[in-house]
Every structure is written in structure tokens, then in C-alpha cells.
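Have a look at the structure below, then the notes.
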Amino acid sequence: MSVWHALLRTKETGWVILVRLLVGLVVFFPEGLQKLLHPEVLGAGRFARIGIPYPELMGPFVGVVETLCGLLIVVGLATRAATVPLLVVMAVALVSTKVPILLGHDLGSFHLPADIKRVGFWSAQHEARADLTMTLGLLFLLIVGAGRWSLDARLARFPSTRPDRGRP
């Protein structure tokens with residue numbers, strides 16, 4: 001089986017589209033756009049406040065990654081591949097923003113937000129609920145693929161993506 005076919009294949013129901021819409025359309029696409037449209041609040045400015053290195057570069061970069069990968073997930077194109085950079089984004093978000101809340105103090109260059117009223121496990125869990133939900137949604141899509149109602153499923157049917165192409 002070719003790598004391309006392995007990335008596209010999915011035997012899951014079409015209803016996987018609901019997870020794709022949750023992850024791509026409800027969260028990553030609009031969050032990525034907002035990082036680009038409102039950089040002082042959600043992009044480079046926020047990244048500087050929480051201690052992300054090179055915020056002027058990383059803010060727009062993450063905004064573009066979230067926007068593009070979110071769109072790919074919505075339409076179900078290269079879905080598994082699109083989840084990987086977003087999983088990295090989620091890991092950085094958890095370490096840079098939720099671990100300081102858990103610890104109750106800065107972690108290296110990552111700063112505890114000044115507006116946090118309480119710290120510890122339950123506060124970190126509360127603040128991380130969306131991040132953890134998105135991480136689990138991304139892991140689901142990485143494992144099962146985009147589902148029947150996706151461009152991945154359509155492309156996987158073309159002979160050029162089948163492993164037996166060109167064999168006698």
C-alpha cells in the first residue's frame with residue numbers, strides 16, 4: 001500500500017464529518033484567522049505575553065497553520081496529515097499555558113497569566129478542557145481518517161492511489 005493511499009483510506013461512517021466540523025470549522029479555522037486578524041490580542045501579542053519565543057514570527061505562523069489545516073480537515077483532504085501540525089500546536093498550548101496554571105508559577109519562559117484567580121489541578125483542568133477536547137478529536141481523526149463523506153475517501157478510490165497500480 002502506498003503512503004498516499006494509507007493516508008487517504010478510511011472505512012469509517014460518513015458521520016465522522018461531525019468531528020471534522022467540530023475540530024476544523026468550530027475551532028481551528030476561526031482561531032487561526034483570529035490570530036491573523038487580531039495579532040495584538042490572539043497572535044503575536046498574546047504569544048509574547050505567555051512567553052512563546054519569537055512571537056512576531058510564531059503568531060502568524062501558527063495562525064496560518066491553524067487556518068489551513070482547519071480548512072483541510074473541514075473538507076476532508078489530507079486529513080491525517082493535517083492533524084499532525086495541529087497536535088503540535090495543542091501540545092505547545094498545553095505546556096505553555098496550562099502547565100503554569102497547574103504548577104501555580106512560571107515554567108521556564110512560559111508565564112502564569114496575571115488574570116488567573118486560582119491555580120492547581122482543578123484550575124488547570126478547567127482551563128485545558130477545550131485544548132484536551134481538540135487533542136482527542138485530532139487523535140480520533142488521525143486514527144480513523146476523514147470518513148466516507150470526504151475528499152480523502154473520493155481520492156482513495158482513484159486507481160492512481162491504489163497500491164496495485166501499474167502491476168500486471
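Keep in mind the model is a prediction, meaning the values are calculated, not measured.
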* Would you say Pro60 and Leu36 make side-chain contact, with heavy atoms under 4.5 Å? -> yes
* Structure fact -> Here the pair of heavy atoms bringing Ala146 nearest to Thr79 is CB-OG1, 3.2 Å
* Structure fact -> Tracing side-chain contacts under 4.5 Å among Ile, Leu, Val, Met, Phe, Trp and Tyr outward from Val119 reaches Ile101, Leu112, Ile116
* Structure fact -> Heavy-atom nearest pair, Ala78 first then Asp152, reads N-OD1, 2.6 Å
* **Closest approach of Gly137 to Val19 (non-hydrogen atoms, all atoms of both residues)** => O-CG1, 4.0 Å
* Asked: Looking at CZ of Arg20 and CG of Leu22, how far apart are the two atoms once the value is rounded to the nearest 0.5 Å?
  -> 12.0 Å
* Asked: Does the Arg80 side chain pair with the main chain of Ile143, one donor and one acceptor, at a distance under 3.5 Å?
  -> yes
* Mark yes when over 12 heavy atoms from residues, nucleotides or ligands other than Phe140 sit less than 6.0 Å from its CZ; otherwise mark no. => yes
* Please check if atom CZ in Arg154 has more than 12 non-hydrogen atoms from other residues, nucleotides or ligands closer than 6.0 Å. => no
* If every non-hydrogen atom of Val23 is compared with every non-hydrogen atom of Met134, which pair is closest and at what distance? -> CA-SD, 3.9 Å
* To do: For residues Thr10 and Gly147, report the shortest heavy-atom separation together with the two atoms involved.
  => OG1-N, 3.2 Å
* Could you give the distance from CG (Leu68) to CD1 (Ile73), rounded to the nearest 0.5 Å? -> 11.5 Å
* Heavy-atom pair of closest approach, residues Ala48 and Pro55 -> N-CB, 3.6 Å
* To do: With sequence neighbours left out, write down each residue that passes ring-ring contact (aromatic ring centres under 6.0 Å, His included) with Trp15, or none if nothing qualifies.
  => Trp149
